[in-house]
Amino acid sequence: MIKLHPPLPTSFYEKQTLDLAQALLGCVLWKETEEGLAGGIIVETEAYKGPEDRAAHSYNNRRTKRTEVMFGPSGNAYMYTMHTHNLFNVVSGPIDKPEAILVRGIEPYYNQELMRKRRPNVKTPYQMTNGPGKLTKALGITLQDYGHTLKEPPLWISHKPKEFMSFSIKSGPRIGIDNSGAAKDYPWRFWIDNNKYISR
DNA sequence: GTCCTGATAGACT
DNA sequence: GTCTATCAGGACC
């Protein structure tokens, strides 16, 4: 699988964050664990643009143990715990520009059986991965992956498979950030139109 | 729609 | 040490 779907190179991540958020749509997110390898198509993302974005953890350049990885180079994993769930983000922006992209939804692409095993009790296939906390559980992504590069196993992102080369992208306000002033209205959420694995 | 769960970092005393 | 908010999810109505 790694030979068929090699990691995207450093140059892929050297884009404006809003462009990268859209470029990630259709790409495959892979995670290999002791249980096996699983992969899913990224179908929904949200951009968070550091200093000027009140909704971002790195707003006003807040530099802490948690946000530290966002001040580093792009192409690394930023993990964050929300209640009982782990959320996965791709670090974006150059060094000292703390920006990131939250992955909110994936479509199972490889080893759906393993995802189902990790997500018992779901009633429809969509419920396995149609949310930021759900997809990390389905793929087996944990806080251990914080700060890890996305350019080599066990956690990596590969180019769009040919069946996902063409689709239309929609955008709109982000989810769950109601207390962030004007920032809550920024249309920095992107998704693949008509995809069934969008979080809402 | 409402309510409850409950990990972790960060702010505060 | 203690308090509290959080880029949700699930169970319920």
Side-chain angles (χ1 to χ4, degrees), chain A residues 16-18 20-22 24-25 29 31 40 42-72 74 76-93 97-108 115-148 150 155 157 169-192 195-200:
Chain A
Q16 292 282 341
T17 292
L18 295 183
L20 181 57
Q22 294 169 76
L24 284 167
L25 294 174
L29 175 61
K31 177 67 196 282
I42 296 173
V43 300
E44 182 181 359
T45 59
E46 277 181 8
Y48 287 86
K49 282 174 61 94
E52 67 269 32
D53 181 2
R54 258 187 72 182
H57 295 150
S58 51
Y59 174 62
N60 205 20
N61 280 314
R62 190 165 55 138
R63 188 166 192 156
T64 64
K65 183 183 169 190
R66 184 176 70 173
T67 62
E68 182 64 31
V69 69
M70 288 196 281
F71 287 82
S74 56
N76 291 328
Y78 169 48
M79 297 300 301
Y80 164 73
T81 307
M82 176 62 178
H83 292 255
T84 55
H85 311 289
N86 299 323
L87 277 55
F88 169 78
N89 304 250
V90 177
V91 173
S92 178
K97 286 279 285 181
E99 305 184 344
I101 296 159
L102 171 66
V103 177
R104 291 193 56 90
I106 64 168
E107 174 177 332
M115 298 189 208
R116 179 169 290 284
K117 195 172 122 192
R118 286 167 171 152
R119 300 269 305 135
N121 306 328
V122 297
K123 295 182 184 66
T124 71
Y126 311 127
Q127 292 174 356
M128 277 201 303
T129 54
N130 67 342
K134 300 177 190 178
L135 70 91
T136 57
K137 192 173 180 195
L139 287 178
I141 299 173
T142 70
L143 283 187
Q144 308 300 314
D145 294 303
Y146 176 93
H148 194 281
L150 299 172
L155 179 63
I157 296 173
I169 296 175
K170 295 274 195 181
S171 67
R174 294 170 294 179
I175 305 287
I177 53 168
D178 294 339
N179 285 327
S180 301
K184 76 176 169 56
D185 297 320
Y186 298 166
W188 288 353
R189 175 175 171 242
F190 304 95
W191 65 93
I192 294 179
N195 190 279
K196 298 291 190 296
Y197 293 84
I198 304 305
S199 60
R200 64 168 77 167

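These numbers come from a predicted model, not from an experiment. Below, all heavy atoms of this structure are taken into account, side chains as well, without hydrogens, waters or symmetry copies. Chain letters run A, B, ... following the sequence lines, proteins first and then strands; every chain starts at 1.
For A:Tyr80, taking side-chain heavy atoms from C-beta onward, the closest of the listed nucleotides C:dT6, C:dA8, B:dT8 is C:dT6. Checking B:dG6, C:dC7, B:dA9 against every side-chain atom of A:Tyr48, the shortest atom distance belongs to C:dC7. Minimum atom distance to the side chain of A:Arg104 is reached by C:dA8, of the listed B:dT8, C:dA8, B:dG6. Comparing B:dT8, C:dG10, B:dG6 by their nearest atom to the side chain of A:Leu143 picks out B:dT8. When distances are taken from the side chain of A:Arg62 to each of C:dG10, B:dA11, C:dT6, the shortest belongs to B:dA11.
One finds a side-chain N or O of A:Lys134 lying less than 4.0 angstrom from the OP1 or OP2 phosphate oxygen of C:dG10. Look at A:His57 and you'll find a side-chain N or O under 4.0 angstrom from OP1 or OP2 of C:dC7. In this model, the phosphate group of C:dG10 is approached by a side-chain N or O of A:Arg119 to a distance below 4.0 Å at OP1 or OP2.
Salt-bridge formation is detected for the pair A:Arg189/A:Glu44: a Lys NZ or Arg NE/NH1/NH2 atom is positioned less than 4.0 Å from an Asp or Glu carboxylate oxygen.
Listed for the A:Asn60 side chain is no donor-acceptor partner under 3.5 Å among the backbone atoms of A:Arg62. Judged purely by atom type and a 3.5 angstrom limit, A:Arg63 has no side-chain atom pairing as donor or acceptor with the backbone of A:Pro98.
When heavy atoms are screened at a 4.0 angstrom cut-off, A:Asn121 is found touching no nucleic acid atom at all. Contact annotation for A:Arg66: backbone-only contact, meaning every heavy-atom pair under 4.0 Å involves sugar-phosphate atoms and none involves a base. Heavy atoms of A:Arg54 sit nowhere under 4.0 angstrom from any nucleic acid atom. Looking at heavy-atom distances under 4.0 Å, A:Leu102 makes contact with a base.
Nucleotide C:dC7 has no partner under the Watson-Crick or G-U criteria, as no pair reaches both atom distances under 3.5 Å.
Remark: A:Arg54 is not positioned above the aromatic ring of A:Tyr186, lacking an NZ or CZ atom under 6.0 angstrom from the ring centre and at most 45 degrees off the axis.
To the nearest angstrom, C1' of C:dG9 lies 11 Å from CZ of A:Arg200. Rounded to whole Å, the distance from NZ on A:Lys123 to P on C:dG9 is 15 Å.
Taking the side chain as every heavy atom from C-beta outward, A:Leu139 and A:Met115 approach each other to under 4.5 Å.
Donor-acceptor pairing under 3.5 Å, judged by distance alone, is present between the side chain of A:His83 and the base of B:dG6.
Nearest-nucleotide positions on DNA chain C place A:Met70 closer to the 5' end than the other of A:Gln127 and A:Met70.
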